[in-house]
**Student:** 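The structure is given below, and queries will be raised subsequently.
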Amino acid sequence: MSQPIELSLEQQFNVRAFETQVEKMSLEQSQHFLKELYKQMMVRETMYQQFLKHEWGLDQGPRFSSEF
């Protein structure tokens, strides 16, 4: 991935709307919001990891045959 990822026009609009929303928050509100956002990002990452493990068959333990 040598090229930077570009945001769509809609995504750019959403970023600007988010910036406006955060600018209106108090310091305490923005700190709380940031903590919650980080927590949600970690949950999403964990969900993606679990989904990929499941899709790639990595969530199943090693398969041993009882027959030799």
Side-chain angles (χ1 to χ4, degrees):
M1 291 180 53
S2 60
Q3 297 178 349
I5 297 174
E6 298 289 330
L7 297 177
S8 69
L9 191 56
E10 180 181 5
Q11 290 171 322
Q12 291 176 33
F13 175 80
N14 287 331
V15 167
R16 184 63 190 126
F18 181 80
E19 289 172 352
T20 302
Q21 179 184 4
V22 170
E23 287 169 356
K24 293 179 182 179
M25 292 180 184
S26 69
L27 177 60
E28 184 178 298
Q29 288 173 320
S30 60
Q31 287 174 338
H32 175 74
F33 183 76
L34 186 57
K35 292 174 195 176
E36 289 300 313
L37 183 61
Y38 186 76
K39 182 179 174 182
Q40 290 178 12
M41 288 170 47
M42 299 303 293
V43 168
R44 182 190 306 187
E45 181 179 348
T46 301
M47 288 174 54
Y48 285 151
Q49 289 172 350
Q50 293 300 318
F51 174 76
L52 289 174
K53 283 180 184 178
H54 177 74
E55 286 298 307
W56 294 341
L58 300 175
D59 59 346
Q60 301 164 5
R63 298 181 190 172
F64 296 108
S65 175
S66 59
E67 298 177 19
F68 292 99

**Student:** Residues two or more places apart in sequence or in another chain: which of them pass side chain to side chain contact (heavy atoms under 4.5 Å, CB included) with Glu6?
**Tutor:** Pro4
**Student:** Could you check whether atom CD of Glu10 has more than 12 heavy atoms from other residues, nucleotides or ligands sitting under 6.0 Å from it?
**Tutor:** no
**Student:** Looking at side-chain heavy atoms only, is the closest gap between Met42 and Glu45 below 4.5 Å?
**Tutor:** yes
**Student:** With a cut-off of 3.5 Å and sequence neighbours excluded, list every side-chain donor-acceptor pair involving residues 17-26.
**Tutor:**
residue, atom, partner, partner atom, Å
Glu19, OE1, Arg16, NH1, 3.0
Thr20, OG1, Arg16, O, 3.1
Ser26, OG, Gln29, N, 3.1
Ser26, OG, Gln29, OE1, 3.4

**Student:** Within a reach of under 6.0 Å around CZ of Phe33, are more than 12 heavy atoms found that belong to other residues, nucleotides or ligands?
**Tutor:** yes
**Student:** Above 12 or not: heavy atoms from other molecules or residues under 6.0 Å from CD of Glu28?
**Tutor:** no
**Student:** Can you list the steps and then say if Lys35 with Lys39 is a side-chain contact (heavy atoms from CB on, under 4.5 Å)?
**Tutor:** CA-CA 6 Å; Lys35 292 174 195 176; Lys39 182 179 174 182; over 6 Å; no
**Student:** Could you measure the distance from the CG atom of Asn14 to the OG atom of Ser8? Nearest 0.5 Å is fine.
**Tutor:** 7.5 Å
**Student:** What's the spacing between Leu52 CG and Met47 CE if we round to 0.5 Å?
**Tutor:** 11.5 Å
**Student:** Look at the side-chain heavy atoms of Ile, Leu, Val, Met, Phe, Trp and Tyr, link any pair under 4.5 Å apart, and say whether Val15 and Phe13 land in one connected group.
**Tutor:** no
**Student:** If I take atom CD from residue Gln50 and atom OG1 from residue Thr46, how far apart are they, to the nearest 0.5 angstrom?
**Tutor:** 7.5 Å
**Student:** Minimum heavy-atom separation for His54 and Asp59, please, with both atom names.
**Tutor:** ND1-OD2, 3.0 Å
